[in-house]
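Note sheet for the following structure.
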Amino acid sequence: MNGLVEFIRALGPARLAAMAAVTAALIGFFAFVIIRISAPAMAPLFTELSFEDSSRIVKELEGQGVVYELRSDGTTIMVPKAQVARARMRLAETGLPRGGSVGYEIFDKSDTLGTTSFVQNVNHLRALEGELARTIRSLDRVSAARVHLVIPERQLFARDRQDPSAAIVLRVRSSLEPQQVRAIRHLVASAVRGLKPQRVSIVDEQGRLLADGVGNDAGGIAEVFDERHTVFEQRLKQQIESIISSVVGPGRARVQVSAELDYSRIQQTSDTFDPESKVIRSTQSREEAAQSGEAQREEGVSVANELPGGNQQRGAREGGAAGRNDANKKSEEVVNYEISRTTRTETIEAGRVKRISVAVLVDGVYTKGNSGEAGYQPRPKEEIDRITALVRSAIGFDQKRGDQVEVVNLRFAEVPGTPPITEEGWLSFLRFTTDDIMQAINLIVVTMLSLLVLLFVVRPLVRRIVTPDESVGEARATPEPAPAMVMRPGEIAAPAPKPNFDNPAARMIEFAQVQGEVHQQSIQKVGEIATRNPYETVSIIRQWMHEKTA
């Protein structure tokens, strides 16, 4: 303890303060390193949040005791990677995040006792808009959405009725395809009664019109035709690329398909009569019989002559009056025949293929030479012909239709690279993810920084504090001049004490003592010489005196 106290006293207050500062800095630095290394990996819980949802989620996480970080001005919340799934499930129980919109939960806490019908209708419209916005936001490429509905009120005595309309503003991560825009329009139209897809307008965050809501069917039909055309060409292209890639290798063929489609809609009606096929439809028979006779008539006009059959009765009464009788008979038959008739109505829908043109560019064969460089060789004509036959079979080639297929073998500008090596077995465990690589880099950087601080900062400071100043040591080590010791002839000088080489001051003292003894011995030898030769000594001293005076 005495040695420790003496050591502390020898250091002084300035060095003690420096040692305390260095110790505090080292403790803080290593505490930062330990916290940095032991900190869990953070993963995004939710991104692109509104400030309302962000504040609610932060409050809920604080209540659950979950560590979190706010990034991107509070729109992104980071939590430990191991707690992401559990935190999302707990927040889903409370209905978070809400996406900055109000859904049907607006009716959960509202007091309906004193609410008017107008307020109820407004709340219903807000809830419907919020639910539609949430549904649209659940799509992959849509990050945010706002929906505005215009539903006219139904008048009691009005004949004309206005159709509802909708306006949607989207914030997308990339451009939307036409079929995706049309899907959003149909989704909103199906959720609102009486709303037509043509009455839904969609705008993105840059102000570009993705779909107009003028209600014109022509524009929608044109979009459908364009999409059908694109899908047809893409389908043929994929079929051709898949069959060619299995022959020449992946990425060694380029295919372009151009299809000409007929979008005219044709309806034909034709009647066909078969004269050989006859069927009796109806038969009509008619028979007529007529009888006429001449007799002697009484001259003059009488009632008996005008009566029907009066002449006959009169002839019979007269008994023997001569006369002539005529009888006619006529029969008529009409037969109606029905000829078989075939009526055919044919409707040819739009989208008929009129012509297909296919262009295929095939790369050659690369072989490795002796020097290791890749050499190019064109493919033989027989192989190109077989590829052409495969392409024709894949597209349903029709020469009458005017189809055209061209397969050309040319060298590509880029040389095919070496295929990646796939590890199997225990090597598959050495595959690291991006998180593992970043964590390893962070650990290496922190370790190197710690070593640099220890070697170039801590070590020099500690050595400077522990080692005393050289000027102080030299001042302390400078001894006072020792009195000259006159040794008589025949005396033996006492042995000098053994030097202590552990202390630098002691070493300096011992060195000074040795120099004094050597000086003393030199003086003693000069005195002996002067005693032995007194005259020579006096002459030398006189000479020194004359030199000083001169």
Side-chain angles (χ1 to χ4, degrees), residues 140-141 174-180 182 221-266 268 346-425 427-428 431:
D140 186 19
R141 296 186 181 181
S174 60
S175 60
L176 294 178
E177 298 179 358
Q179 60 267 25
Q180 294 175 335
R182 191 169 62 257
I221 295 174
E223 292 178 359
V224 173
F225 287 161
D226 292 341
E227 180 184 354
R228 187 181 299 179
H229 193 179
T230 304
V231 170
F232 180 76
E233 291 180 348
Q234 290 294 332
R235 181 170 56 84
L236 288 181
K237 181 179 179 181
Q238 291 176 0
Q239 291 177 356
I240 296 171
E241 285 182 347
S242 63
I243 193 172
I244 295 179
S245 298
S246 60
V247 178
V248 301
R252 296 292 92 198
R254 302 291 185 269
V255 180
Q256 292 294 333
V257 178
S258 176
E260 184 179 352
L261 304 180
D262 185 8
Y263 294 110
S264 58
R265 190 173 182 271
I266 302 173
Q268 297 176 350
E346 182 179 2
T347 302
I348 302 176
E349 295 293 341
R352 293 181 295 116
V353 179
K354 296 177 63 178
R355 187 170 178 269
I356 299 177
S357 300
V358 181
V360 181
L361 179 62
V362 182
D363 197 5
V365 181
Y366 292 88
T367 58
K368 185 174 291 186
N370 297 329
S371 60
E373 297 181 355
Y376 175 79
Q377 294 181 359
R379 296 184 182 274
K381 187 177 183 302
E382 293 78 7
E383 186 176 357
I384 299 299
D385 294 338
R386 288 195 293 268
I387 293 175
T388 304
L390 290 174
V391 174
R392 290 181 177 180
S393 301
I395 66 172
F397 182 82
D398 189 359
Q399 188 174 3
K400 297 180 180 179
R401 194 171 54 189
D403 295 347
Q404 185 177 3
V405 176
E406 291 290 340
V407 180
V408 181
N409 179 208
L410 291 176
R411 183 176 181 177
F412 285 6
E414 67 276 6
V415 179
T418 305
I421 301 175
T422 57
E423 297 85 359
E424 296 181 357
L427 293 176
S428 60
R431 297 178 182 176

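Numbers here are sequence positions counted from 1.
Every side chain to side chain contact (heavy atoms under 4.5 Å, CB included) that Gln256 has, sequence neighbours left out, goes to Lys237. Among residues two or more places apart in sequence or in another chain, the side chain to side chain contact (heavy atoms under 4.5 Å, CB included) test is passed with Pro378 by Tyr376, Asn409. For Phe232, the ring pair (Phe, Tyr, Trp, His ring centres under 6.0 Å) criterion is met by no residue, not counting sequence neighbours. Partners of Asp398 according to the salt bridge (Lys or Arg N to Asp or Glu O under 4.0 Å) rule, which considers only residues two or more places apart in sequence or in another chain, do not exist here. Listed by chain and residue number, nothing satisfies the salt bridge (Lys or Arg N to Asp or Glu O under 4.0 Å) test with Arg235 (two or more places apart in sequence, or in another chain). Not counting sequence neighbours, the partners of Arg352 by the salt bridge (Lys or Arg N to Asp or Glu O under 4.0 Å) test are Asp262. Judged as a ring pair (Phe, Tyr, Trp, His ring centres under 6.0 Å), and not counting sequence neighbours, the contacts of Tyr263 are Phe225. Remark: Arg379 engages Glu383 in a salt bridge (Lys or Arg N to Asp or Glu O under 4.0 Å) (not counting sequence neighbours). With sequence neighbours left out, the side chain to side chain contact (heavy atoms under 4.5 Å, CB included) criterion links Arg392 to Thr388, Phe397, Val405. Under the side-chain hydrogen bond (donor to acceptor under 3.5 Å, both in side chains) criterion, Gln404 pairs with Arg355, not counting sequence neighbours. Evaluation of the side chain to side chain contact (heavy atoms under 4.5 Å, CB included) rule for Arg265 yields Thr347, Glu349 as partners, not counting sequence neighbours.
Annotation: side-chain hydrogen bond (donor to acceptor under 3.5 Å, both in side chains) contacts involving residues 241-251, sequence neighbours excluded, are absent.
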